[in-house]
Amino acid sequence: MIEIRKATKAQSAEIAKLIMMAMTDDCCLHFCGDGYGLDDFRKMMAKLVEREDSQYSYRNTLVAMDGDNVVGISVSYDGGRLHELRRAFIEAAKEYIDKDHSDMDDETQSGELYLDSLAVLLEYRRMGIARKLLLATKERANRMNLPCIGLLVDKNNPAGEALYASVGFRYVNDSHWGGHPMKHLIL
């Protein structure tokens, strides 16, 4: 039985791996400085998940659990807090992957709960776990009094876009993030 619950700090390494799965290897490498790779990015992400002041914090994460195993994640935060929460990423990127991202474009905005990352382990896909995570994220938006959930989906991810559409997300506009053309959707 899959259970959705708030993440804990102890799950940081598992959460970081799933965030990277959601981002894709190409995107993670896009953020790295010369001579740095996925292992460096993974170490950085695990540290960011452990923090309480990061957009990737365990405090912003819901986990799908199969017993004691994290099998899926939903990372979301108040879009109005993006700049405050992103400071941790900018600092960590300089330290771990030697890249300055202080001029990064905004991927979210005030008034939405931004769904930053949604991922389910490959062997647990097509079991309704992503849908459960999305519905739990919608409940989180309601508790935070945010009127909608916003997200970016890669234009080359029609399966992801179909999943979001199946729970009611709709297209708002085109965007660009992490070196990829994206679509901004809201629910």
Side-chain angles (χ1 to χ4, degrees), residues 1-77 82 85-99 101 104 107-108 113-137 140 149 151-154 156-157 159-161 163-164 177-180 182:
M1 173 88 177
I2 301 298
E3 182 184 349
I4 308 298
R5 63 173 89 133
K6 291 180 181 178
T8 66
K9 190 174 183 177
Q11 297 164 328
S12 295
E14 294 167 283
I15 293 167
K17 287 178 187 175
L18 283 158
I19 290 170
M20 289 179 64
M21 181 186 297
M23 291 175 77
T24 75
D25 287 352
D26 283 347
C27 185
C28 295
L29 289 170
H30 170 81
F31 286 112
C32 289
D34 290 339
Y36 292 86
L38 294 175
D39 286 339
D40 303 302
F41 196 87
R42 187 173 294 106
K43 288 174 192 167
M44 177 188 77
M45 290 306 295
K47 291 295 184 190
L48 288 170
V49 175
E50 289 175 359
R51 293 177 65 154
E52 295 188 5
D53 64 343
S54 159
Q55 67 199 90
Y56 300 108
S57 174
Y58 71 93
R59 298 187 77 180
N60 296 329
T61 305
L62 296 172
V63 289
M65 301 296 296
D66 182 8
D68 292 333
N69 300 316
V70 176
V71 300
I73 54 124
S74 169
V75 179
S76 61
Y77 52 86
L82 174 65
L85 294 170
R86 185 182 277 162
R87 279 195 297 265
F89 177 82
I90 292 168
E91 292 165 8
K94 288 175 185 174
E95 179 181 346
Y96 287 91
I97 55 176
D98 195 31
K99 191 97 177 242
H101 288 293
M104 185 184 295
E107 68 228 58
T108 185
L113 180 69
Y114 182 66
L115 178 56
D116 188 290
S117 304
L118 178 74
V120 174
L121 292 176
L122 201 54
E123 59 270 26
Y124 283 88
R125 291 188 184 164
R126 303 255 181 245
M127 297 171 63
I129 297 169
R131 180 180 294 275
K132 285 181 181 181
L133 284 163
L134 287 169
L135 295 174
T137 302
R140 186 167 189 261
I149 301 173
L151 61 85
L152 295 181
V153 62
D154 194 305
N156 294 318
N157 184 2
E161 190 173 349
L163 167 68
Y164 297 127
W177 186 83
H180 295 272
M182 309 289 267

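Any value given below was found using the heavy atoms of this structure, including those in side chains, with hydrogens, waters and symmetry copies removed.
Scanning both residues, Glu52 and Ser57, for their nearest heavy atoms gives CA-OG, 3.6 Å. Looking at every heavy atom in both residues, Phe89 comes nearest to Met104 through CE2-CE, 3.4 Å. Between Gln11 and Ala7, the shortest heavy-atom distance links the atoms OE1-CA, 3.2 Å. For Met21 against Arg125, the heavy-atom pair with the smallest separation is SD-NH2, 3.2 Å. Taking both residues in full, the closest heavy atoms of Phe41 and Cys32 are given as CD1-SG, 3.9 Å, listed atom of the first, atom of the second, then distance. The two residues Arg59 and Arg140 have their closest heavy-atom pair at O-NH2, 3.6 Å.
For the atom pair NZ (Lys94) and CE (Met44), the distance works out to 13.0 Å, reported to the nearest 0.5 Å. In this structure, the separation between CD1 on Ile149 and CG on Leu113 is 5.5 Å, given to the nearest 0.5 Å. Atom CD in Gln55 sits 9.0 Å away from atom CD1 in Ile19 (nearest 0.5 Å). Separating the CZ atom in Arg126 from the CG atom in Leu163 is a distance of 9.0 Å, to the nearest 0.5 Å. Atom CG of residue Leu85 and atom CZ of residue Arg51 lie 10.5 Å apart, to the nearest 0.5 angstrom. With values rounded to the nearest 0.5 angstrom, Ile2 atom CD1 is found 6.0 Å from Tyr124 atom OH.
Ion pairing of Glu107 with Arg86 is present here, as a side-chain N (NZ or NE/NH1/NH2) and a carboxylate O approach within less than 4.0 Å.
Residues Met65 and Val71 fail the side-chain proximity criterion, which asks for heavy atoms closer than 4.5 Å. Side-chain contact check for Ser117 versus Leu18: every heavy-atom pair is 4.5 Å or farther apart. Contact annotation: the side chain of Tyr77 approaches that of Thr108 to within less than 4.5 Å [non-hydrogen atoms, C-beta and beyond]. Leu134 is listed as a side-chain neighbour of Leu115, based on a closest heavy-atom distance under 4.5 Å. Looking only at side-chain heavy atoms (C-beta outward), Lys17 and Glu14 stay at 4.5 Å or farther from each other. Between Leu152 and Tyr114, some side-chain heavy-atom pair lies under the 4.5 Å cut-off.
Within 6.0 Å of NZ on Lys99 lie more than 12 heavy atoms contributed by other residues, nucleotides or ligands.
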Val120 vs Leu133, test: side-chain contact (heavy atoms from CB on, under 4.5 Å). Steps then yes/no. CA-CA 9 Å; Val120 174; Leu133 284 163; 4.2 Å; yes
Decide side-chain hydrogen bond (donor to acceptor under 3.5 Å, both in side chains) for Thr137 and Ser76; before the verdict, give the C-alpha distance in whole Å, the side-chain angles of both, and the deciding distance to 0.1 Å. CA-CA 7 Å; Thr137 302; Ser76 61; 4.9 Å; no
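Side chains of Tyr36 and Asp98: a donor-acceptor N/O pair is absent below 3.5 angstrom, by distance only.
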